[in-house]
Amino acid sequence: KTRMRFGFKTRIIRILMRRADYFITQTKAAKKGIVKVTGIREKNIAVIPNVLPYFYQSVVPVRKSSNTTNIIYVASPAPHKNIEIIPQVAHVLKHEYGLKNFRFLITIPAEESGVASNVSQTANELLVGDEVVNVGAKTQQELVSLYEAASLGFFSSVLETFSATLLEYMYFKLPVVASNKPFNTEVLGDASIYFNATDAKDAACAIYTVLNDEELRNKLLQRSENRIKNFLDYNEHYKSTIEFFRYICEETSKN
């Protein structure tokens with residue numbers, strides 16, 4: 001039923017997209033997909049990258065010491081976020097790599113009890129119930145404390161345009177381990193270690209490598225510090241949007 005529902009939804013979205021004349025998106029990867037679906041001219045698609053939420057830009061990140069290695073994944077319980085892989089990754093880390101005293105912190109809203117229950121049940125079956133913790137939905141203010149106490153930012157999504165979560169990880173000086181997808185590599189560049197999105201063992205290997213290699217962590221953090229500077233300017237975001245609207249007006253007036 002889920003496949004049928006998403007298949008039907010996808011067809012409707014494709015029909016609506018083909019009726020549009022212009023698009024604003026946030027990554028070149030998304031632009032490439034739009035061209036493939038619609039056949040529209042590339043110049044009619046503006047790529048305007050996401051910007052770190054203004055709230056966080058007023059916060060000076062402070063690292064907090066913790067006796068536990070906290071691996072955070074800030075995401076909604078949507079299927080494409082691939083949260084279900086986490087118990088499997090935790091199992092490999094604990095039972096194959098022998099990693100101790102770590103936790104995955106996930107942010108599934110309380111009302112999404114079905115998703116939370118499935119993840120919890122799988123974690124218990126794999127004997128990692130204590131290592132997979134759902135902290136529930138958090139406000140931006142509450143996320144600050146979680147970020148400051150985290151050791152690593154995890155991102156296993158298989159479908160995005162541009163997730164601001166990646167910017168938040170970099171801003172709060174977290175080494176990042178992310179799925180090897182174009183929408184992630186375009187944003188993170190060399191400031192992340194990547195893994196096959198559907199391979200729990202590959203994800204666990206990436207996490208374990210980062211946690212146990214201080215030199216690698218420092219390199220990732222230095223790269224993140226430089227990269228995040230590209231995603232802080234709201235004025236540039238605004239200017240790019242206005243410029244594209246002007247282009248649309250000019251093109252429309254020709255017709």
Side-chain angles (χ1 to χ4, degrees), residues 50-78 80-90 93-94 99-113 115-120 122-123 128-157 160 162-179 184 187-188 191-193 195 203-204 206-208 210-211 214 217-218 220-221 223-225 227-228 231-232:
N50 218 331
V51 183
L52 180 75
Y54 184 74
F55 172 82
Y56 292 119
Q57 296 193 35
S58 64
V59 176
V60 178
V62 177
R63 303 304 310 148
K64 295 180 180 177
S65 60
S66 174
N67 295 325
T68 304
T69 299
N70 293 313
I71 304 168
I72 190 169
Y73 185 19
V74 176
S76 67
H80 66 271
K81 293 296 184 180
N82 196 24
I83 296 174
E84 292 79 4
I85 198 175
I86 288 179
Q88 302 168 44
V89 177
L93 286 170
K94 181 178 181 179
L99 188 65
K100 300 181 183 301
N101 203 26
F102 74 94
R103 298 185 303 173
F104 275 94
L105 303 180
I106 56 178
T107 56
I108 301 176
E111 59 269 19
E112 293 289 346
S113 56
V115 177
S117 296
N118 290 340
V119 171
S120 178
T122 303
V128 288
D130 293 335
E131 285 75 25
V132 180
V133 180
N134 179 29
V135 297
K138 297 296 180 182
T139 64
Q140 289 180 322
Q141 179 65 58
E142 291 169 333
L143 280 175
V144 170
S145 296
L146 286 178
Y147 284 143
E148 291 180 340
S151 302
L152 184 144
F154 183 71
F155 198 79
S156 56
S157 179
E160 298 287 336
F162 184 142
S163 175
T165 296
L166 301 177
L167 304 184
E168 294 166 18
Y169 287 169
M170 289 193 289
Y171 184 76
F172 282 93
K173 305 183 186 305
L174 296 178
V176 182
V177 171
S179 54
N184 286 336
V187 176
L188 294 166
S192 173
I193 297 298
F195 64 92
I207 292 172
Y208 189 80
V210 173
L211 292 178
E214 183 177 3
R217 289 199 305 275
N218 290 335
L220 291 175
L221 294 178
R223 294 166 185 168
S224 292
E225 185 176 353
R227 199 158 186 85
I228 191 63
F231 305 101
L232 300 176

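Heavy-atom basis, side chains included; hydrogens, waters and symmetry copies ignored.
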side-chain contact (heavy atoms from CB on, under 4.5 Å) partners for Ser65, two or more places apart = none

ask   = Sub-3.5 Å donor-acceptor pair from the side chain of Thr107 to the main-chain atoms of Ala137, do we have one?
value = no

task = Go through the steps to decide whether Val89 and Phe195 satisfy the test side chain to side chain contact (heavy atoms under 4.5 Å, CB included), and finish with yes or no.
result = CA-CA 12 Å; Val89 177; Phe195 64 92; over 6 Å; no

Arg103 side-chain N/O to Asn70 backbone N/O, donor-acceptor pair under 3.5 Å = no

Expected output: side-chain Ser66 to main-chain Ala149 donor-acceptor under 3.5 Å = no

remark   = Those residues at least two apart in sequence (or on a different chain) that pass salt bridge (charged side-chain N to carboxylate O under 4.0 Å, His left out) with Arg223 are Asp190

inquiry  = Using the ring-ring contact (aromatic ring centres under 6.0 Å, His included) criterion, which residues pair with Tyr208? Sequence neighbours excluded.
reply    = Tyr97

task = Identify the two heavy atoms, one from Val51 and one from Leu232, that lie closest to each other, and give their separation to 0.1 Å.
result = CG1-C, 3.9 Å

inquiry  = As a test of understanding, state which of Leu188, Asn50, Leu52 forms a side chain to side chain contact (heavy atoms under 4.5 Å, CB included) with Leu166.
reply    = Leu188

key: Side-chain (Thr68) to main-chain (Asn101) donor-acceptor, under 3.5 angstrom   = no

query = Roughly how far apart are Leu152 CG and Leu211 CG, rounded to 0.5 Å?
reply = 5.5 Å

Identify each donor-acceptor pair in which a side-chain atom of residues 168-177 lies under 3.5 Å from a protein atom, sequence neighbours left out, and give them as a table.
unit_1 : atom_1 : unit_2 : atom_2 : d
Glu168 : OE1    : Tyr147 : OH     : 2.5
Tyr169 : OH     : Ile72  : O      : 3.2
Tyr169 : OH     : Val74  : N      : 3.2
Tyr169 : OH     : Phe154 : O      : 2.8
Tyr171 : OH     : Tyr56  : O      : 3.3
Tyr171 : OH     : Val59  : O      : 2.7

note = The reported gap from OG1 in Thr122 to CD1 in Ile83 (rounded to nearest 0.5 angstrom) is 12.5 Å

query = Can you name the residues that form a salt bridge (charged side-chain N to carboxylate O under 4.0 Å, His left out) with Lys138, not counting sequence neighbours?
reply = none

message = Whether the side chain of Glu160 engages the backbone of Asn184 through a donor-acceptor N/O pair (distance < 3.5 Å, no angle test) should be reported.
response = no

ask   = How many angstroms lie between atom CG of Leu99 and atom CD1 of Ile207, to the nearest 0.5 angstrom?
value = 9.0 Å

task = Scan for salt bridge (Lys or Arg N to Asp or Glu O under 4.0 Å) pairs involving residues 50-76, sequence neighbours excluded, and state none if there are none.
result = Lys64-Glu148

